Amino acid sequence: MRKDPAVPESTPRTTLVTTKSALREHRAAMDGTVAAVLTMGSLHAGHLALVERARELADHVILTDFVNPLQFGPGEDYEAYPRDLEADLALVDGLVDLVFAPGVEEMYPVMPPTVSVSAGRAGTVLEGAARPGHFDGVVTVVAKLLRLTDPHLSVFGRKDAQQLAIIQRLVADLDLPVRIEPVEIQREETGLARSSRNAYLSAAGKEQALALSRTIAAALAAAPSLAGIQDALEAARERAEIDWDYALALDPATLEPAGPDHRGEVLVVLAGRVEGTRLLDAAVAVATAP
Ligand code: PAF
């Protein structure tokens with residue numbers, strides 16, 4: 001593995017394991033708290049922010065690197081998904097204790113698995129509407145990876161707000177003994193949520209895309225009034241600086257639009273296109289008033 005100049009000489013190297021039995025052996029030898037960072041590889045700065053948070057929160061970090069075929073639909077090219085384990089290892093060498101990078105047969109000796117997990121209706125709305133089965137595949141692999149890595153906590157980015165909400169339901173509904181730790185969205189100085197897709201935007205497109213973070217700011221400023229949050233989202237949709245797919249205030253437990261009596265956390269989710277590039281943003285507001 002390439003040596004990272006930011007990692008001091010004394011930092012122990014990262015160990016790569018590819019089998020469940022080797023993972024269990026290394027996991028059993030870990031004293032103290034363990035955090036899991038679940039990824040499909042092709043690691044970038046966003047993943048490093050998750051690793052950094054995991055390192056802050058736990059004594060040991062296990063990173064999983066597995067392109068999960070179950071979460072790809074028939075029209076989505078699972079075979080073409082980028083894979084570069086060597087580059088991934090170079091990026092996290094010395095930053096995580098263990099990388100678990102199993103093959104498909106190791107993860108799914110029977111393919112498709114006879115028993116799998118369903119994300120329910122929450123998996124069929126928003127991002128799931130155009131990707132039938134995607135979130136069922138996500139929760140099935142996440143349940144397996146959490147079982148295998150047996151962490152005290154696992155970190156997930158807030159940007160994939162629907163995935164995070166569904167994984168929080170997975171853990172609550174199946175009583176999985178792990179804490180899900182959301183990691184805040186990384187933003188550019190302008191407020192634009194960081195994404196590899198921002199590279200497709202022209203300077204004018206980037207300016208236009210700020211409507212997303214401004215809408216988030218307006219929704220948060222309107223809290224704790226639920227109607228205020230909803231009005232801010234409606235006003236943004238009407239201004240149509242973005243070709244909106246949705247700009248909604250949701251009940252995080254069900255991913256249904258928050259009803260007038262909803263109180264507590266509200267998940268604000270935005271998705272839309274700028275110059276043909278699909279962008280997401282999200283935040284959690286707290287509504288304590290109508
Ligand atoms: O967010 C991802 O990269 C994947 O959906 C996850 C959570 C690693 C499951 O394959």
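We number each residue from 1, following the sequence as shown. All of these numbers come straight from a predicted model, not from anything done at the bench. Counting starts at 1 for both ligands and their atoms, in listed order.
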Seminar exercise, completed: ligand 1 atoms nearer than 4.0 angstrom to some heavy atom of V141 are 9 (C), 10 (O)

Exercise. So which heavy atom in the protein is nearest atom 4 (C) of ligand 1, and how far is it from that ligand atom?
Worked result: Q71 NE2, 3.7 Å

Exercise. Quick one: nearest non-hydrogen protein atom to atom 1 (O) of ligand 1, plus distance?
Worked result: Q163 NE2, 2.8 Å

For this session: Might you work through the salt bridge (charged side-chain N to carboxylate O under 4.0 Å, His left out) test for R53 and E184, ending with a clear yes or no?
Result: CA-CA 10 Å; R53 186 72 183 126; E184 292 311 321; over 6 Å; no

Exercise. Which distance, rounded to the nearest 0.5 Å, do you find between the CG of L270 and the CG of L126?
Worked result: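 If we round to the nearest 0.5 Å, L270:CG and L126:CG are 11.0 Å apart.
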
Exercise. Between L70, T64, L148, which is the residue that forms a side chain to side chain contact (heavy atoms under 4.5 Å, CB included) with M107?
Worked result: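 In the set L70, T64, L148, the residue that makes a side chain to side chain contact (heavy atoms under 4.5 Å, CB included) with M107 is L148.
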
Problem set entry | R197 side chain vs T277 backbone, donor-acceptor pair below 3.5 Å |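 No, R197 side chain to T277 backbone: no donor-acceptor pair under 3.5 Å.
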
For this session: For ligand 1, note which part of I167 has a heavy atom under 4.0 Å away: side chain, backbone, both or neither.
Result: neither

